[in-house]
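Here is the structure we will look at.
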Number of protein chains: 2
Amino acid sequence: MKNENRKTEIINTASKLFKEKGYSAVTMRDLAKEMGIKAASLYNHITSKQEILSVLIISLAEEFTEGMTVIINSNNNCVEKLKQIINLHITITSNNQFGMASLNNDWMHLEATLSYYLELRKNYEDNFREIIKKGISNNEIINENAEVIVFSILSTLRSLYIWLPIKEELNIFKLTKNLNNILLNGISK
Amino acid sequence: MKNENRKTEIINTASKLFKEKGYSAVTMRDLAKEMGIKAASLYNHITSKQEILSVLIISLAEEFTEGMTVIINSNNNCVEKLKQIINLHITITSNNQFGMASLNNDWMHLEATLSYYLELRKNYEDNFREIIKKGISNNEIINENAEVIVFSILSTLRSLYIWLPIKEELNIFKLTKNLNNILLNGISK
DNA sequence: ACACGTAACTAACACTTGTTAGTTAATATA
DNA sequence: TATATTAACTAACAAGTGTTAGTTACGTGT
């Protein structure tokens with residue numbers, strides 16, 4: 001049980017299957033088949049199905065947390081911070097197409113690490129909300145309900161994993177520019 | 001197997017459980033327990049677990065399709081049509097809090113009705129995209145990539161089910177106004 | 001009083017689930 | 001060359017899965 005490469009391969013393969021069918025619908029035999037081995041052999045590398053989900057989700061959640069920390073500690077104004085957040089989501093999602101599905105849809109099946117995940121998520125949303133509130137009081141952002149703004153932007157960013165793989169003709173740079181414009185300035189003329 | 005009320009109760013209870021844990025993770029015994037009966041008794045009212053999911057998702061998808069048909073056949077301009085779409089999502093979601101979770105997350109577990117669902121969804125998205133494209137050529141909407149606009153707005157509207165129950169202090173009327181403003185005009189000053 | 005339909009029950013089915021135990025062949029280390 | 005380690009295997013387990021069969025109690029209309 002030493003080769004961490006193999007463990008990573010298993011987690012990557014699992015994340016692909018989890019995206020297609022969800023954590024609960026993917027069996028260890030499905031996963032093994034996809035890896036070209038038998039289900040029992042998986043246990044030479046991982047300790048449980050749970051562990052796969054937990055590693056997958058928590059590492060992503062921590063990546064978001066770290067990114068947010070950098071952003072809130074920067075000296076940028078609020079609109080600039082929002083652009084950084086948009087960029088953070090695009091970057092992480094484009095590097096973790098499959099894992100993002102579990103982060104969004106399978107977090108409730110976490111067991112030992114569920115409360116830690118919820119804590120990270122709450123902190124992330126709180127930080128996001130504070131940026132918006134600051135922006136409103138700064139007169140950088142329109143004086144709408146902050147909660148609705150947070151929800152609206154975060155929904156779009158959280159859905160990137162569904163949609164990003166489809167639009168490969170649009171490169172990341174252009175997408176970032178487009179999203180910045182749409183989310184910040186709206187679409188109406 | 002006559003009382004349709006009881007069947008509806010079962011489907012409603014199931015939709016609540018599906019929202020919490022997803023279709024695959026909810027067992028017929030879970031559902032029965034929630035109903036206060038035994039699992040086998042469910043089969044006096046329904047023919048299979050699949051049927052529950054199918055009824056739940058297809059009826060919602062058809063509701064969206066009907067709403068969209070009314071909108072595209074109206075004489076309104078594109079921005080007005082977009083407001084109608086926003087309103088459609090808010091209305092259906094506030095009336096089907098739980099079912100919307102399955103529509104978003106469990107559609108891939110449909111079997112016999114999967115292709116029909118995919119057809120409805122594709123048509124809906126095509127209609128949405130056409131409205132945006134028309135709006136761009138009309139000079140009503142900014143000339144950004146139409147696909148990114150569709151994705152951005154639809155992501156927000158599709159996530160309403162997660163977020164709408166939390167914000168009960170904000171009534172539907174105010175929420176509609178807020179969302180119209182944010183999605184159409186953006187948040188930046 | 002009667003039969004009928006409804007909606008619950010118990011018991012059981014065949015199959016699938018995650019996981020463990022024990023084994024084996026190949027590879028790396030001494 | 002001898003020894004350990006790695007990563008696969010087969011076989012099996014106990015629990016849980018959706019579903020079916022057969023039964024029972026109850027209320028309604030004849």
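This one's a predicted model, so the numbers in the text were calculated from it and none came from an experiment. In what follows, chains carry the letters A, B, and so on, assigned in the order in which the sequence lines appear, proteins first and then strands, with residues in each chain numbered from 1.
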* D:dT6 phosphate, OP1 or OP2, under 4.0 Å from A:H45 side-chain N/O -> no

* Roughly how many Å is it from OH in B:Y43 to P in C:dT10, rounded to a whole number? -> 17 Å

* Protein-nucleotide distance (A:M28, atom CE; D:dG16, atom P), rounded to Å -> 18 Å

* Expressed in angstrom and rounded to an integer, what is the separation of B:I37 atom CD1 from C:dT6 atom P? -> 16 Å

* Taking the six-membered ring for Trp, are A:Y117 and A:H109 ring centroids under 6.0 Å apart? -> no

* Ignoring the backbone of A:T27, work out which of C:dG18, C:dA8, D:dC9 is nearest its side chain. => C:dG18

* Among C:dT10, C:dG18, C:dA21, find the nucleotide with the atom closest to the side chain of A:K49. => C:dG18

* **Length of the line joining A:I10:CD1 and D:dA8:C1', which is rounded to integer Å** => 11 Å

* Please confirm whether the backbone N or O of A:T91 pairs with a side-chain atom of A:N95, one donor and one acceptor, at under 3.5 Å? => yes

* **Euclidean distance, atom CG of residue A:L42 to atom P of C:dT20 [Å, nearest integer]** => 13 Å

* Rounded distance in Å - CG (A:N44) to P (C:dT20) -> 12 Å

* Asked: Is the charged tip of B:K81 near the ring of B:F128: under 6.0 Å from the six-membered ring centre and within 45° of its axis?
  -> no

* Which sits closer to the 5' end of DNA chain C, B:G36 or A:Q50, going by the nucleotide each is nearest to? -> B:G36

* Asked: Can you find a side chain N or O atom of B:R6 that sits less than 4.0 Å from OP1 or OP2 on C:dA8?
  -> yes

* Asked: If only atom types and distance count, is the side chain of B:S54 paired as donor or acceptor with the main-chain N or O of B:E51 below 3.5 Å?
  -> no

* To do: Go through the side-chain N and O atoms of B:E62 and B:Y116 and say whether any donor and acceptor fall under 3.5 Å apart.
  => yes

* Structure fact -> B:A40 has its side chain closest, among C:dC9, D:dA11, C:dG18, to C:dC9

* Looking at B:K38, does any N or O in its side chain come under 4.0 Å of the phosphate oxygens OP1/OP2 on C:dC9? -> no

* Under 3.5 Å donor-acceptor pair, A:R29 side-chain atoms to C:dG18 base atoms -> yes

* Starting at atom CD of A:E51, determine the distance to atom P of C:dG18, rounded to an integer number of angstrom. => 15 Å

* Asked: Which whole-number value in Å describes the distance from A:K7 NZ to D:dA7 P?
  -> 12 Å

* Asked: So what does B:S41 hit on the nucleic acid, given a heavy-atom distance under 4.0 Å: a base, only sugar-phosphate, or nothing?
  -> base

